[in-house]
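Below, chains carry the letters A, B, ... as their sequence lines are ordered, and counting in each starts from 1. These numbers come from a predicted model, not from an experiment. As a basis for the values below, the full set of heavy atoms in this structure was taken, side chains included, without hydrogen atoms, waters or symmetry mates.
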Amino acid sequence: MAIFFDDPVQVLTQRFEAAIRAAFPAVSGAVEALISPSRQPQFGDFQCNAAMSLAKVVGGKPRDVASAIVAKVDLSDIAEPLSEKSIAGPGFINIVLRGDALASGVVGMDAGTGLAALGVVPASKVETVVVDLCGVNLAKQMHVGHLRSTVIPDAIARVLERLGHKVIRQSHLGDWGLPIAMVTGKLMEELNAGRIKPEALTLDRLEVMYREAQAECERDMKGMEAVRRYGLGPKAEAELEAQVSWATENFTRAKGVLLKLQSHDKATVAVWQLIYDITMRACIETVTRLHANVTLEHTAGESTYSEELAPLVRDLLDRKVAEVDQGAVVVRVPGLEVPCLIRKSDGGFLYATTDMAAIRRRVQKLGASRVIYGVDIRQSLHFQQAFGAAIKAGYARLPDGSDAKLEHAAFGTVLGNDGRPFKTRSGDNVKLWDLLDEAVNRARAAVNERSSGFSEEERGKIAEAVGIAAIKYVDLSSERSKDYVFDFDRMLAFEGNTGPYLLYALVRTRSIFRKAAEEKLDGGWRDAAIVIKEPAEKALALTLLRYGKVLESVAQSTEPHRLCVYLFELATAFSAFFDQCKVLFAPDEATRRSRLRLCDITGRVLADGLGTLGIPTVERM
RNA sequence: GUGCCCGUAGCUCAAUUGGAUAGAGCGCUGCCCUCCGAAGGCAGAGGUUGCAGGUUCGACUCCUGCCGGGCACGCCA
């Protein structure tokens with residue numbers, strides 16, 4: 001009888017490490033068994049790759065080392081007997097698990113509950129992790145870029161939570177500074193002049209005003225220079241001078257508004273608050289539709305740091321962490337050519353200043369030992385500077401004297417079919433809401449075509465879930481630091497490696513139980529013994545058993561696409577199993593119950609995995 | 001000019017952080033629904049991993065130099 005175990009990798013690691021110690025007692029220090037699932041079935045189920053590196057240490061031939069390990073390792077209760085034939089190539093040891101051992105592993109996935117469900121091993125050291133995500137700006141719609149900055153870090157946060165870590169989401173809202181003051185000033189004028197009623201104000205209108213306000217402060221210095229250099233005449237010069245002085249006037253007024261905001265002037269703050277409320281209402285609506293866990297409580301805008309900036313710079317100057325350079329205040333970061341600029345020569349602060357304050361708050365007040373930034377890769381230099389400066393300043397210092405891990409989970413750009421950043425034909429950013437609409441509309445067409453027997457309302461719900469799943473899966477499924485080409489046709493083809501394919505596999509794991517109930521064949525499977533005989537059953541079991549390790553790898557690497565790849569492989573293994581192994585019409589009662597239980601566990605891993613990615617699921621489609 | 005990232009099948013992407021004969025999907029060629037959901041499964045064709053060296057028992061992965069593309073580079077955020 002096979003022993004009871006959850007994770008073959010863990011059991012094999014223990015057995016092989018013991019064998020290595022026994023075979024080579026002279027080897028000091030840690031030994032690594034280097035157990036991994038085999039890539040191809042012909043090389044067995046798992047392999048031990050320790051012999052090659054060990055040969056160097058003990059000074060023998062790798063294959064002899066492998067023989068020595070094989071002679072010492074005891075796998076009789078869980079694997080086919082090892083022999084010289086198990087040693088292949090330069091010294092790989094191939095391991096074929098026994099069906100009953102595999103079965104007990106799958107049954108083991110059902111033993112845990114809560115965080116320990118489905119073979120997941122909760123983190124032994126619970127970390128407090130701040131995940132920076134979303135990053136929207138006041139008076140601006142969410143656009144394609146925010147798809148990534150919301151979906152990717154939310155998935156990372158969910159994986160960490162799934163492993164039992166304490167996660168604090170923080171949306172670093174762009175709600176402060178001169179641009180915000182500009183639009184605040186402009187809105188005040190419009191309101192005072194009675195041209196806009198507060199209750200009729202929309203985010204679209206605000207965004208237009210934002211752009212106008214910025215344009216009105218834009219001084220055409222290049223034009224001015226050109227006019228002077230080429231002597232284009234007094235008329236052109238006069239026109240430009242008028243433009244520049246007008247823009248300067250607007251600029252000065254905006255600075256005045258910023259000062260009023262900073263001094264908490266009631267009327268000004270009230271208008272700012274109006275912009276804030278309208279923006280956040282729209283933002284939360286979009287994020288909710290995206291099935292991302294981002295709420296108002298997660299919002300920590302730049303404005304909340306504004307009072308801390310001046311003292312922070314003073315602190316750094318006092319402690320000689322920062323220095324004055326050409327009138328500005330900079331922190332020189334070891335290993336970086338360009339210093340981190342934290343105060344302009346006019347006394348204003350920069351976003352690096354705010355980010356340093358944010359790191360300080362996140363580590364010192366929120367207690368994070370790890371801070372993960374889900375932000376565009378183009379800001380990587382900025383984060384190198386900010387992280388380096390914060391560490392130099394001691395702001396990331398933990399009670400035990402080490403520094404918190406500061407990580408930039410950088411993502412690439414969403415491109416259009418032309419290979420350029422995804423924009424509308426007129427060159428504007430695509431509104432995230434419109435993008436979701438388009439995905440859902442296309443999903444609806446597919447649902448109408450393929451799904452029958454659903455009410456209008458049900459079809460709507462399915463289309464919504466399928467569309468959102470498709471769009472999120474595309475964003476999560478390729479390596480995050482790379483750019484990817486956004487293509488509705490491919491994404492909603494619903495074939496191959498897509499969100500809908502995964503939903504389809506999940507739905508099939510569920511529908512078998514509806515069918516079983518109809519046929520009165522749904523009894524006795526819940527505690528049934530699992531029997532692994534067919535190749536498709538074995539492949540499915542081996543895939544199921546990898547789940548916990550995959551989550552750990554995502555938590556460590558902050559790369560959600562690994563979970564996507566895994567779920568696709570699981571869905572594929574299930575589809576093959578479902579095709580090749582009759583469940584309800586299995587040859588005997590025991591096999592039917594075993595296979596029903598396999599369907600159930602597969603369905604729950606798929607649902608758990610999709611949920612951990614933040615992808616919505618359906619029961620039927 | 002300096003720095004960072006990328007280059008894998010016709011196209012879009014993987015490759016268990018250095019492991020075996022580089023895998024999927026789309027597209028292409030064939031099969032498989034009187035049979036649990038064909039948004040599925042099975043099989044086939046398709047590769048000098050940009051190029052040239054180096055380290056290693058072993059390199060898509062690490063190092064050096066080129067070629068090609070992208071991005072970022074102190075007073076915007």
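The side chain to side chain donor-acceptor pair (under 3.5 Å) check on A:E537 picks up A:R595, with sequence neighbours excluded. Residues satisfying the side-chain contact (heavy atoms from CB on, under 4.5 Å) criterion with A:E407, sequence neighbours excluded, are A:R370, A:I372, A:K405, A:T558. Every residue meeting the side-chain contact (heavy atoms from CB on, under 4.5 Å) condition with A:T498, not counting sequence neighbours, appears here in chain and number order: A:P500, A:Y501. A:E534 is linked by a salt bridge (charged side-chain N to carboxylate O under 4.0 Å, His left out) to nothing, counting only residues two or more places apart in sequence or in another chain. Under the side chain to side chain donor-acceptor pair (under 3.5 Å) criterion, A:R378 pairs with A:D376, not counting sequence neighbours. Considering only residues two or more places apart in sequence or on other chains, A:D346 meets the side chain to side chain donor-acceptor pair (under 3.5 Å) condition with none of them.
For A:W525 and A:F513, the gap between ring centers is short of 6.0 Å. You'll find the ring centres of A:Y373 and A:F383 inside the 6.0 Å limit. Checked against the 6.0 Å centroid criterion, the rings of A:F349 and A:Y351 do not qualify as a close aromatic pair.
Counted within 6.0 Å of CD on A:E323, heavy atoms from surrounding residues, nucleotides or ligands total more than 12; the atom is thus considered enclosed. More than 12 non-hydrogen atoms from other residues, nucleotides or ligands lie less than 6.0 angstrom from CD of A:E518.
Side-chain atoms of A:D588 and A:T591 include a donor-acceptor pair closer than 3.5 Å. Judged by distance alone, the side chains of A:Y473 and A:N497 do bring a donor and an acceptor atom under 3.5 Å apart. Side chains of A:S67 and A:E84: a donor on one and an acceptor on the other come within 3.5 Å.
The aromatic ring of A:F43 stacks onto the base of B:A20, its centre lying under 5.5 Å from the centre of the six-membered base ring with the two planes under 30° apart. With centroids closer than 5.5 Å and planes inclined by less than 30 degrees as the test, A:Y504 and the base of B:G40 fail to qualify as a stacked pair. Judged by ring centres under 5.5 Å apart and planes tilted less than 30 degrees, A:Y484 fails to stack against the six-membered base ring of B:U12.
Residue A:P62 is classed as having no contact, given no heavy-atom separation below 4.0 Å to the nucleic acid. Among the protein residues, A:V550 comes within range of no part of the nucleic acid, since none of its heavy atoms lies under 4.0 Å from any strand. At a threshold of 4.0 angstrom between heavy atoms, the contacts of A:R508 are confined to the sugar-phosphate backbone, with no base atom among them. Residue A:K582 is classed as a base contact, given a heavy-atom separation below 4.0 Å to a base. The residue A:L178 sits apart from the nucleic acid: no heavy atom pair falls under 4.0 Å. Nucleic acid contact class of A:C564 (heavy atoms, under 4.0 Å, all strands): none.
For the pair A:L34 CG and B:U16 C1', the computed distance is 12 Å after rounding to whole Å. Rounded to whole Å, atom P of B:C57 lies 15 Å from atom CG of A:L54.
Helical stems of RNA chain B (runs of at least 3 Watson-Crick or G-U pairs, donor-acceptor distances under 3.5 Å) are listed by first residue: B:1-5 with B:69-73, B:10-13 with B:23-26, B:28-32 with B:40-44, B:50-54 with B:62-66.
On a pure distance criterion of 3.5 Å, a polar donor-acceptor pair joins the side chain of A:N94 and the base of B:A20. Residue-to-nucleotide contacts include no donor-acceptor pair under 3.5 Å from the side chain of A:S380 to the base of B:C4. Between the side chain of A:S451 and the base of B:A39, a donor-acceptor pair under 3.5 Å is found.
A heavy atom closer than 4.0 Å to some atom of RNA chain B occurs in A:Q556, A:S557, A:H561, A:R562, these being the qualifying members of residues 551-563 of chain A. Within residues 567-576 of chain A, the residues having any heavy atom closer than 4.0 Å to RNA chain B are, in order of number, A:F568, A:S575, A:A576. If you check residues 592-602 of chain A against RNA chain B, you find no residue with a heavy atom closer than 4.0 Å.
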Check nucleotides 70-72 of chain B against the protein and report each pair of N or O atoms closer than 3.5 Å, with its distance, or say if there are none.
none

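B:C33: glycosidic angle within 90° of 0, hence syn.
For residues 540-568 of chain A, the set of pairs meeting the salt bridge (charged side-chain N to carboxylate O under 4.0 Å, His left out) definition, not counting sequence neighbours, comprises A:D7-A:K549, A:R546-A:E569, A:E559-A:R562.
A close approach under 4.0 Å does not occur between any side-chain nitrogen or oxygen of A:Q326 and OP1 or OP2 of B:G74. Distances shorter than 4.0 Å separate some side-chain N or O of A:K344 from OP1 or OP2 on B:C76. At B:A14, one or more side-chain N or O atoms of A:K482 fall inside 4.0 Å of OP1 or OP2 (strictly under the cut-off). Under 4.0 angstrom from either OP1 or OP2 of B:G37 there lies at least one side-chain N or O belonging to A:S511.
Taking every side-chain heavy atom of A:E302 into account, B:A77 is the closest of B:A77, B:U16, B:C75. Candidate nucleotides B:G74, B:G40, B:G19 were compared by shortest atom distance to the side chain of A:D325, and B:G74 ranks first. The side chain of A:A328 has B:C75 as its nearest neighbour among B:G7, B:A39, B:C75.
Both A:K515 and A:F349 lie close to RNA chain B; mapped to their nearest nucleotides by heavy-atom distance, the more 5′-ward contact belongs to A:K515. Nearest-nucleotide positions on RNA chain B place A:R332 closer to the 5' end than the other of A:R332 and A:Y351.
Here the separation of B:U12 from B:U55, taken at their C1' atoms, is 34 Å to the nearest Å. Nucleotides B:A38 and B:C32, compared at atom P, are 15 Å apart to the nearest Å.
The one candidate from A:K392, A:H382, A:Q385 that meets the side-chain contact (heavy atoms from CB on, under 4.5 Å) condition with A:C340 is A:Q385.
Between the NZ atom in A:K255 and the SG atom in A:C217 there is a gap of 11.0 Å [rounded to 0.5 Å].
A salt bridge does not link A:K461 to A:E464: none of the charged side-chain nitrogens sits closer than 4.0 Å to a carboxylate oxygen.
Put simply, the side chain of A:D483 never gets that close to the backbone of A:G412: no donor and acceptor are under 3.5 Å apart.
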